[in-house]
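Every number for a ligand or one of its atoms is a count from 1 in the order of the listing. Hydrogens, waters and symmetry mates are skipped; everything else that's a heavy atom, side chains included, is used. The residues of the chain are indexed from 1 along the displayed sequence.
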Amino acid sequence: MKRIKGEIFLPGDKSISHRAVMLSSIAEGTTEIENFLFCEDCLATVNAFRQMGVRIIAERRAPRTANLRGRQNAERKIIVYGKGLRGLKKPDNPLYLGNSGTSMRLLAGILSGQNFSAKLEGDSSLSKRPMQRIIIPLKLMGADIKGKNGYPPLTIKGKKELKAIRYKIPVASAQVKSAILLAGLYAEGETEVTEIAKTRDHSERMLKLFGADIKTKGLKCRIKPSPLSSPGKIKIPGDISSAAFFIIGATILPGSHLVLKNVGLNPTRTGIIDVLKRMGGDIKTGNGERGTGNGKYNFMPAARNPLPATCFEPVGDIIVQASQLKGIEIKGKIIPRLIDEIPVLMVAACFAKGETRIKDIGELRKKEVDRIYSLCYNLKKMGAKIKEKEKEVIIKGVQSLKGERLNSFGDHRTAMALAIAGLKAEGRTIIENSDCIKTSFPDFRKKLNELTRITI
Ligand code: S3P
């Protein structure tokens with residue numbers, strides 16, 4: 001019987017890695033970024049800033065004396081030599097951002113405030129993702145930004161100064177919020193955004209860490225133009241979205257016991273833990289790491305962990321034990337807190353007792369692929385009982401799924417969610433187009449093999 005057993009450190013959070021490169025590039029001073037996520041998406045951001053004259057070096061070799069943990073940290077370090085808010089230079093060529101929506105939308109905010117023009121391009125999936133949601137507010141700020149009927153490529157002509165706006169964001173999107181806040185660094189006056197539901201607040205936390213004049217209260221956030229200065233060192237917490245695949249694997253595979261070390265436990269991202277607990281999952285969190293890079297632990301729950309200057313995000317360990325889940329209804333405010341984990345949550349729901357309904361998930365159709373379709377198509381093929389509606393899925397738990405030939409449709413999270421389903425299925429599962437996993441988690445296969453001691 002397959003099971004997940006062991007203890008692992010995860011690579012850095014993708015959303016936070018992107019922001020760390022962006023803010024370090026437009027800050028004064030040099031920033032060392034530890035546990036940076038070397039995935040295709042984040043490297044697209046690195047390359048874009050290199051093309052705009054920022055020196056970024058990757059340190060992939062650790063000192064010979066380093067222990068395992070020290071080695072992991074050093075091997076995942078980048079150093080960014082900041083240019084300041086006005087120090088970027090016009091790129092000679094279009095900036096190619098591959099599959100990365102975060103790179104494109106956040107960069108659009110930064111580029112709106114530059115005094116040079118640039119073009120942002122992406123792969124065939126990114127070229128189908130809606131950009132009107134950032135074009136509208138950035139234009140209101142005075143940016144000269146054009147898409148192709150609201151889709152990439154984007155052309156942004158430089159402006160000397162933007163104007164501040166007050167804007168209610170009509171979709172729950174951290175990327176849209178972040179694009180406006182980043183443009184706000186270059187705007188005259190105070191920019192204010194109001195969200196319809198709380199989304200990940202990594203931009204706000206990191207802007208604060210870099211000394212920006214930013215205030216948040218509930219669903220509102222205000223920013224005034226201010227120079228950024230590097231905090232010197234940043235340590236990126238492990239990615240809870242990557243952790244989710246193993247958390248759910250360990251939950252549904254009997255006999256599993258898993259410890260995930262130093263995972264980001266930002267409350268805007270922990271919806272998956274709350275939901276799994278409600279479903280009867282045996283999951284514990286705690287032992288937040290204090291500070292960055294000193295390797296010492298305190299034994300406080302992550303939420304109460306005092307945050308010194310370099311520890312801007314709550315971090316902690318997650319301990320998971322296999323358990324029988326039960327079906328529940330999931331909807332409303334919690335959805336943005338687990339938006340990227342819904343594909344693998346759908347896999348968990350297939351093995352829960354009774355019915356699981358996941359509502360208000362229309363945004364999933366606008367991700368790298370239509371993730372409602374990609375999961376329903378494949379899980380149905382494996383024998384799952386799933387009903388798909390425009391903004392909702394209804395899943396009836398089954399005893400088992402059968403191994404099948406599946407297709408990720410080129411989407412990393414679909415591929416990894418299906419790999420977890422495949423572990424629990426009877427017979428062999430083949431996932432076509434699984435190369436896309438390197439978009440967010442190049443080590444996924446290696447980590448899963450370590451934890452299951454089987455080769456996929
Ligand atoms: C992200 C925000 C979310 C998420 C994406 C990363 C970010 O997208 O799905 O993977 O880093 O801000 P939306 O802002 O489109 O919801």
Side-chain angles (χ1 to χ4, degrees), residues 12-23 36-37 39-42 44-45 97-110 122 125-126 128-138 150-152 167 169-182 193 195-207 219 221 236-237 239-245 264 266 268-272 313 333-345 360-372 374-375 391 411-417 436-437 439-441:
D13 185 273
K14 181 155 83 75
S15 292
I16 304 176
S17 293
H18 278 297
R19 286 153 173 86
V21 175
M22 292 182 186
L23 295 195
F36 178 75
L37 174 62
C39 69
E40 277 189 350
D41 270 16
C42 295
T45 294
L97 303 168
N99 197 242
S100 180
T102 307
S103 308
M104 186 169 285
R105 295 198 177 114
L106 272 59
L107 255 172
I110 293 176
S125 151
L126 183 52
K128 292 188 207 96
R129 298 187 65 188
M131 291 296 147
Q132 208 56 23
R133 50 181 66 193
I134 55 157
I135 293 176
I136 292 171
L138 291 175
Y151 293 89
Y167 190 72
I169 308 171
V171 279
S173 165
Q175 293 178 357
V176 175
K177 172 176 63 175
S178 303
I180 301 170
L181 292 175
L182 290 168
V193 288
E195 300 194 82
I196 50 166
K198 186 81 181 163
T199 63
R200 63 192 70 194
D201 63 358
H202 305 305
S203 298
E204 296 91 305
R205 284 171 185 265
M206 200 176 286
L207 279 160
L219 296 174
C221 182
I236 314 279
D239 195 327
I240 191 164
S241 296
S242 298
F245 299 107
N266 180 319
T268 61
R269 295 284 298 282
T270 47
I272 186 66
E313 293 274 352
K333 277 201 308 233
I334 196 151
I335 298 298
R337 295 180 54 227
L338 47 56
I339 189 74
D340 290 342
E341 291 68 76
I342 292 171
V344 70
L345 182 60
D360 307 320
I361 54 172
E363 272 293 302
L364 274 198
R365 296 204 185 270
K366 301 192 174 117
K367 298 292 176 189
E368 286 82 332
V369 289
D370 173 345
R371 286 183 177 152
I372 297 184
S374 67
L375 265 294
K391 295 181 180 174
D411 173 42
H412 53 127
R413 298 205 196 279
T414 300
M416 290 185 277
C436 54
I437 288 175
T439 303
S440 67
F441 196 175

So is Ser241 close enough to ligand 1, meaning a heavy atom under 4.0 angstrom away?
no
Write out the residue and atom name of the closest protein heavy atom to atom 4 (C) of ligand 1, then the distance separating them to 0.1 Å.
Asp340 OD2, 3.3 Å
Please determine if Arg200 and Asp340 form a salt bridge, counting it only when a charged side-chain N lies under 4.0 Å from a carboxylate O.
yes
Is a salt bridge present between Lys333 and Glu195, judged by a nitrogen-to-oxygen distance below 4.0 Å?
no
4.0 Å heavy-atom contact, Lys177 with ligand 1
no
Below 4.0 angstrom, N of the basic side chain to O of the carboxylate: do Arg19 and Asp13 qualify?
no
Structural part of Arg200 in contact with ligand 1, heavy atom criterion under 4.0 angstrom:
side chain
The side chain to side chain contact (heavy atoms under 4.5 Å, CB included) partner of Asp411 among Leu375, Val369, Thr439 is Val369
What distance separates Met131 CE from Ile136 CD1, expressed to the nearest 0.5 Å?
13.0 Å
Working to the nearest 0.5 angstrom, can you tell me the gap between Ser103 OG and Leu126 CG?
8.0 Å
Taking both backbone and side-chain atoms of Ala174, is any N or O found less than 3.5 Å from an N or O belonging to ligand 1?
yes
For Arg105, counting its heavy atoms only, list the atoms of ligand 1 lying under 4.0 Å from any of them.
15 (O)
So which bit of Lys367 gets within less than 4.0 Å of ligand 1, heavy atoms only: side chain, backbone, both or neither?
side chain
To the nearest 0.5 Å, atom SG of Cys42 lies from atom CD1 of Ile16 at 10.5 Å
If you compare His202, Arg129, Glu363, Arg19 by their heavy atoms, the one closest to atom 7 (C) of ligand 1 turns out to be Arg19
Residue portion contacting ligand 1 (non-hydrogen atoms closer than 4.0 Å) for Ala172
backbone
What residue and heavy atom of the protein are closest to atom 1 (C) of ligand 1, and at what distance?
Gln175 NE2, 3.5 Å
Chi angles and distances behind the side-chain hydrogen bond (donor to acceptor under 3.5 Å, both in side chains) call for Thr268, Arg337:
CA-CA 5 Å; Thr268 61; Arg337 295 180 54 227; over 6 Å; no
Less than 3.5 Å between some nitrogen or oxygen of Ser173 and one of ligand 1, yes or no?
yes
